[in-house]
Student: 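This is the structure I want to talk about, given as structure tokens.
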Amino acid sequence: MLKQCEGSHAVAEAVALCRPEVICAYPISPQTHIVEGLGEMCKSGELHDCEFINVESEFAAMSVAIGSSATGARTYTATASQGLLFMVEAVYNASGLGLPIVMTVANRAIGAPINIWNDHSDSLSQRDCGWIQLFAETNQEALDLHIQAFKLAEELSLPVMVCMDGFILTHAYERVDMPTQAQVDAFLPPYEPRQVLDPAEPVSIGAMVGPEAFMEVRYLAHAKQMQALERIPQLAEEFKAVFGRDIGGLTHTYRGEGAETMVVAMGSVLGTIKDVVDEMRDAGHKIGVLGITSFRPFPLDAVGAALKNCKRFVVLEKSLAVGIGGIVATNVRMAVTGMGLKGYTVVAGLGGRAITKKSLYGLFEKAGRSELAPLTFLDLDWEVVNRQLERERQTRRSGPAAESMLRDLGTVASKIA
Amino acid sequence: MDKPFAITLNPGSSLANHTGSWRTSRPVYVDRLPPCNAACPAGENIQGWLFHAESGDYEKAWRVLVENNPMPAIMGRVCYHPCETGCNRQHLDDAVGINSVERFLGDEAIKRGWKFDKPGRSSGKRVLVVGAGPSGLSAAYHLARLGHAVEIHEAGPLAGGMMRFGIPKYRLPREVLDAEVGRILELGVVLRLDTKVDNIAESMKAGKFDAAFLAVGAHIGKRAYIPAGDATKIIDAVSVLRSMEGEEKPLLGRRVVIYGGGNTAIDVARTAKRLGASESIIVYRRTREKMPAHDFEVEEALQEGVMMKWLSTIKQAGEGNITIEKMVLDDKGFPQSTGEFETLEADSVVLALGQDVDLSLLEGVPGLEINDGVVQVGDNMMTGSDGIFAGGDMVPSERTVTVGVGHGKKASYHIDAWLRGETYVAPPKAEIAGFERLNTWYYSEAPHTMRPMLNIIRRQSTFDEVLGGLDETNAQFEARRCLSCGNCFECDNCYGVCPDNAVIKLGPGKRFEFNYDYCKGCGMCVAECPCGAIKTVEEEI
Amino acid sequence: MPLQPVKFYQTGTFTVGNRLLAPEERSVQANMQRTNSLNSGHRACQGCGEALGARYAIDAAMNASNRQLIAANATGCLEVFSTPYPETSWQIPWIHSLFGNTAAVATGIAAAIKIKKQKGQGGDVRVVAQGGDGGTTDIGFGCLSGMFERNDDVLYICYDNGGYMNTGVQRSSATPAAARTATTMPLGPEPGNPFGQGKFVPAIAMAHEIPYVATATVADLRDLEHKITKAMGMRGARYIHILVPCPLGWGTASQDTIHLARLAKETGIFPVFGAEYGELKTALAIRRQLPVEDYLRPQKRFAHLFGKSPAVATIARIQALADKNIRKYGLLDREGSR
Ligand SMILES: Cc1ncc(C[n+]2csc(CCOP(=O)(O)OP(=O)(O)O)c2C)c(N)n1
Ligand code: SF4
Ligand SMILES: [Mg+2]
């Protein structure tokens, strides 16, 4: 059924269609609308046989999820940014214990300075936590990926994070095709746990494992992600068979035919990039796009195959590995090892900084000319940065950098949420 | 379940880890000797029979009791219960009323007609027991149970010895005595009354006895020289008490003076009161504290109106009065004359100064040794003459009914062995379960039960039994006050307190076992065993 | 429903069992069929009070729940000594997630059970959460308070051994005043753990007005079992805080574990009570009152208070703490106790 709605609402409805049994959440922008929606549905009875728990922290949210999932309940939670970081210990634990929890991360920057706007720093900080991470480009994709996520998680006994850009997707009203309950039921069987806390068959879950077996345990976690690599494309096929939509999979190539320059990105920015690429193709540039849906497991082969025929690639990412550069870029580079390609890392849109078509156009043109620096910070205000660096060189007590810079920009009074 | 590797484990898997290897010392169950048992002259397994009384199995309790002492109803009345003096519970509140439970069991047995188990195979040996007092009866009982043919020759007209002729009725009703003697005779013991043995060797020969146990007691009242006029009636305590059993009660008059400080003096004084004396006065040369009589008996006598003259000796007995001299104790505690005199009115003077043994039956027996008027016996209770054993008041010992019973038992074991040409070796005594071995936290507060007392009017005028018995509930209460010193009473503490589940509970009556595969040797069971029935033994490493 | 003292004059309810008691009057631990939820082969130190307390508590909970029980366990000694790969000592469905999230994990388990039951896919399974004092009063306190506040259907059991024992005896907020730990050494002007710090979580739990809060020790098994049973008979958030002496951390002899717990109670330094909906209901009366010195002296963690020149003033301050407990919880008041 087609409907015009907010991204958060679409996700909430999709999650509800998956018949979750326990939902626990703690509010943080921009995740709030999702869990508010689910809370309302539980309260009204629209979503029945589901326990909605208002927990006291994200750490508790993930912990409650661990408990309920281990007891065989289909479990969902959502968070973002600081919240994800607050639950980190439990995030690792959930995957370590192999619990198929599904969590939406409404991607948002991480402070300090505190910032509620979108980038991918939160999810990407958890790239090694053992969860599967799927990135949605559109609200439709966000909605559909949740349905796939439950199936994937439960089949593999691994938690899945569905990442969608905060505000840009969560708060955007778009038209989506909302599946019917029957469709979802046809696709997603009831949860059959691999291990469960059950008095009829008691087990001890969460043993302490020493050097004699720890490596094997970790390898098995990796092996599971490798299985996911195979399973994700199949699931996309199965999904298509039921819902008729081409959603999910590991990667998506756009206008890659004959491309000399490939732009690699994740999430909603792909939409903007595709618009720019369309314009540039019209202008004769041999440029294409590679969207990565599955960041974990990272599809080395698929990325390599998508890039093998280009000359250069630009990884545009909303994250920064401070002290080295890109996060996604590093992963992409590994996929093209030995291919002799030129690779550029572009850090863009941090903390909600707008990524404009104009900037992208210029950026890609420059890349096409192989004039791009290996690491670029898109639309960085060098004047501000340099002034601050200078100030710090001169005065020991230069004060808080962010505030100083805002003062330089004359926007000290602007809202800081 | 297809469980995740290493992180998820199956129950029961830790049993593979034998933590017993950590141990440097191990707990071991023991049975220590309870102090009551250790103190009992008759060698009763007191804790053992209380154990059954605690559960209300009085017959079992009685059967365990009579393995050592065939006369619980009597003991429960006349024994001075050194067991209670030794009882660990006195350090908590009051000693367990062992004696009162014993009496309850004895009375219960009489009431319900419980019989002794019949003796096993006959040995074909004949044993002569001389004297039907506590020691002789006890020996007869044990010898009969050991399969020997026993004949008792008693000089008196009735069995019981001092229990009949020395202890007043108000302390030991005669039906009780008769019942318990009768039950011994039912084992096939032959009792010949009015059969005085004048010469032991002859009697043994005549009756073809293989061995003899002599227990004739000490029935001759000691005399003291008191200058006296003809009119004054001076009699000895033994005669007074003996004549109480006959048709004619002794005539003591209205004012009776009893000379002496032992239990017999008290018995006579109280008897005199009951016979109608208006004044019954005990004259004793030392103080109350020094008096050999038991304090509770002195107390009861005082309650009944018996009067006491401490620190006094009788100098002279005149017509209707006596002269007494005041004494003082010197620094060694001996009474010394003061030269101060006093006159007391007295219709009769009863001498209660102790008793001597009539040893005439031993004349001419070779090898016998007699010292201080008593027959010397070895550790095996045998006199210097082969096959002749002796016990009770006629051998050197404390003269109590219970000691006599103990002698009878001990002698029987030796006689039995001797008859087989063997030597009896008593099983080694376990270490005593002293108070320090107990963890008394676990026992409930439970003050001891008072036995009912006859009202004072009837105590002064009748020979009804003074001290009542316990009924079932309070007998059981009293039994359950037992701390079970040194012997497991299945409180489940060890089973509960082991952090390693290394104690196996074997089920009711079967106690517990250690599972040394898992016992780490922490010692908690030892520390928390209420009764000290577990000890620690170092492991050899 | 106060604990009925057994009218039996030999050992009353003091011993674990007694051959003469009617089976229904015996403790769970006296039962040959007890579950031994924490089985042999665990690696707790000799005489570990926590191992003992855990078996006492969980066996009682198993008994009360008809063996329909799931446990969540915090990181700490109990977890480490019970489940080192490849061996677990737990006989019940059990999960260890983290150090500080146990109450929340239990909330999740309870939520799952509720829904499964509602859907007719599961029975009435009950949940306990358990952890050490560190995992409860410190790092797990946020989750604990959240679970309380939501009145989730969880019985949380804290095994208080007064410190972070598993990591080598560091101070926790349950470490008693003056005690030596690896992070409160007996040095400087105020040796050992400072006075005026720390928190008593049972009182904080009471402030949440949850259905049931109780304290217990491994020395009073019957009281402990009664409280677990009572708690299991109720719904909503329940909290039981059990004092479990630790031979290693306290510097005490392994056989003295129960004895020390008893001294803690008998001196009043550890009040044993029960409370419902924030109101104090019962206190286990002191039976044979003792000065705190008797409790402190056998413990090496208090050794600096004794020796050549005893710290009389410090001991008096500890006595004052005990006296305050006695007043506050009516520990000498025999009426209405038990
Ligand atoms: C987040 C986190 N911080 C610290 C630790 C280290 N740690 C493990 S157990 C423990 C101490 C446990 O103390 P407590 O909860 O009192 O239990 P005990 O070992 O004393 O029984 C600590 C500090 C950890 N595992 N996780
Ligand atoms: S350190 Fe203490 S709590 Fe930990 S296992 Fe040892 S005794 Fe038990
Ligand atoms: Mg601790």
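Note on naming: letters A, B, ... go to the chains in the order of the sequence lines (proteins, then strands), and numbering restarts at 1 for each one.
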Student: Any idea which heavy atoms bring Val209(A) and Tyr85(C) closest together, and the distance?
Tutor: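 Minimum heavy-atom separation between Val209(A) and Tyr85(C): CG2-CB, 3.9 Å.
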
Student: Can you tell which part of Val22(A) gets under 4.5 Å to a heavy atom of chain C, answering side chain, backbone, both or neither?
Tutor: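 For Val22(A), the contact with chain C is made by the side chain alone.
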
Student: Out of curiosity, Glu56(A) CD to Ser145(C) OG, how far, rounded to the nearest 0.5 Å?
Tutor: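 Answer rounded to 0.5 Å: 7.5 Å.
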
Student: Do you know which of Ala110(C), Gly122(C), Ser97(C), Gly146(C) has the most heavy-atom pairs with chain A at a distance under 4.5 angstrom?
Tutor: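 Most pairs with chain A among the choices: Ser97(C).
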
Student: Would you indicate whether Gln121(C), at its atom CD, is surrounded by more than 12 heavy atoms from other residues, nucleotides or ligands within a distance under 6.0 Å?
Tutor: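 Check passes, neighbour count above 12.
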
Student: For chain A, which of Val80(C), Thr88(C), Asn101(C), Thr75(C) has the most heavy-atom pairs under 4.5 Å?
Tutor: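 When all of Val80(C), Thr88(C), Asn101(C), Thr75(C) are compared, Asn101(C) has the most.
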
Student: Count the heavy atoms belonging to other residues, nucleotides or ligands that lie under 6.0 Å from CD of Glu212(A), then report whether that count exceeds 12.
Tutor: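 For Glu212(A), atom CD is crowded (more than 12 foreign heavy atoms under 6.0 Å).
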
Student: Does the side-chain contact (heavy atoms from CB on, under 4.5 Å) test come out yes or no for Ile95(C) and Leu97(A), once each step is laid out?
Tutor: CA-CA 10 Å; Ile95(C) 185 169; Leu97(A) 296 177; 4.1 Å; yes

Student: In this structure, are over 12 heavy atoms from other groups packed under 6.0 Å from Arg235(C) atom CZ?
Tutor: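 Atom CZ in Arg235(C) is crowded, with more than 12 foreign heavy atoms closer than 6.0 Å.
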
Student: Any chance CE of Met215(A) has more than 12 other-residue heavy atoms, nucleotides or ligands included, within less than 6.0 Å?
Tutor: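 No, CE of Met215(A) has 12 or fewer neighbouring heavy atoms, counting only those of other groups under 6.0 Å.
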
Student: Apply the test side-chain contact (heavy atoms from CB on, under 4.5 Å) to residues Leu197(A) and Ile109(C): give CA-CA distance (whole Å), side-chain angles for both, the deciding distance (0.1 Å), then the verdict.
Tutor: CA-CA 9 Å; Leu197(A) 294 166; Ile109(C) 297 171; 3.9 Å; yes

Student: Check for a donor-acceptor pair, side chain of Asp49(A) on one end and backbone N or O of Lys119(C) on the other, with a separation under 3.5 Å.
Tutor: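 Not confirmed, Asp49(A) side chain does not pair with Lys119(C) backbone.
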
Student: Of the non-hydrogen atoms in Ala111(C) and Ile53(A), which two are nearest, and what is the gap between them?
Tutor: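 Closest heavy-atom pair between Ala111(C) and Ile53(A): CB-CD1, 3.5 Å.
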
Student: With chain A as the partner, which of Arg150(C), Gln118(C), Gln91(C) has the greatest number of non-hydrogen pairs under 4.5 Å?
Tutor: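 Most heavy-atom pairs under 4.5 Å with chain A: Arg150(C).
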
Student: Kindly indicate whether the side chain of Val127(C), heavy atoms from C-beta on, has any atom under 4.5 Å from the side chain of Thr71(A).
Tutor: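 No, too far: nothing below the 4.5 Å cut-off.
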
Student: Hey, is CZ on Phe187(A) packed in by over 12 heavy atoms from elsewhere, all under 6.0 Å?
Tutor: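 For Phe187(A), atom CZ is crowded (more than 12 foreign heavy atoms under 6.0 Å).
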
Student: Heavy atoms only, distances under 4.5 angstrom: which of Glu89(A), Met62(A), His48(A) has the most pairs with chain C? Name it, please.
Tutor: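 The residue among Glu89(A), Met62(A), His48(A) with the greatest pair count is Glu89(A).
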
Student: Can you tell me which portion of Ala65(A) sits under 4.5 Å from chain C's heavy atoms? Options are side chain, backbone, both or neither.
Tutor: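 Contact with chain C involves no heavy atom of Ala65(A) at all.
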
Student: Which one of Ser82(C), Ser89(C), Gly100(C), Ala72(C) has the most heavy-atom pairs closer than 4.5 Å to chain A?
Tutor: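 The option with the most such pairs is Gly100(C).
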
Student: Within this structure, what is the CG-CE distance for the pair Leu98(C) and Met87(A), rounded to the nearest 0.5 Å?
Tutor: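 Rounded to the nearest 0.5 Å, the CG-CE separation comes out at 12.0 Å.
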
Student: If you look at every heavy atom in Ala112(C) and Ser68(A), which pair is closest and at what distance?
Tutor: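 Smallest heavy-atom distance, with atoms named: CB-O, 3.6 Å.
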
Student: Where does Ile115(C) contact chain A at under 4.5 Å (heavy atoms): side chain, backbone, both or neither?
Tutor: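 The side chain, not the backbone.
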
Student: Does a side-chain heavy-atom distance below 4.5 Å link Phe59(A) with Cys143(C)?
Tutor: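 Yes, at least one pair of side-chain atoms sits under 4.5 Å.
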
Student: Give the minimum heavy-atom separation between Arg67(C) and Pro199(A), together with the two atoms involved.
Tutor: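 Answer, listing the atom of Arg67(C) first, then Pro199(A): O-CB, 3.8 Å.
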
Student: Please check if the side chain of Lys116(C) supplies one atom and the backbone of Gly72(A) the other of a donor-acceptor pair under 3.5 Å.
Tutor: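 The answer is yes, because a donor-acceptor pair under 3.5 Å joins these two groups.
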
Student: I need the single residue from Asn73(C), Ile92(C), Thr83(C) that forms a side chain to side chain contact (heavy atoms under 4.5 Å, CB included) with Ser204(A). Which is it?
Tutor: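 Output: one option passes, namely Thr83(C).
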
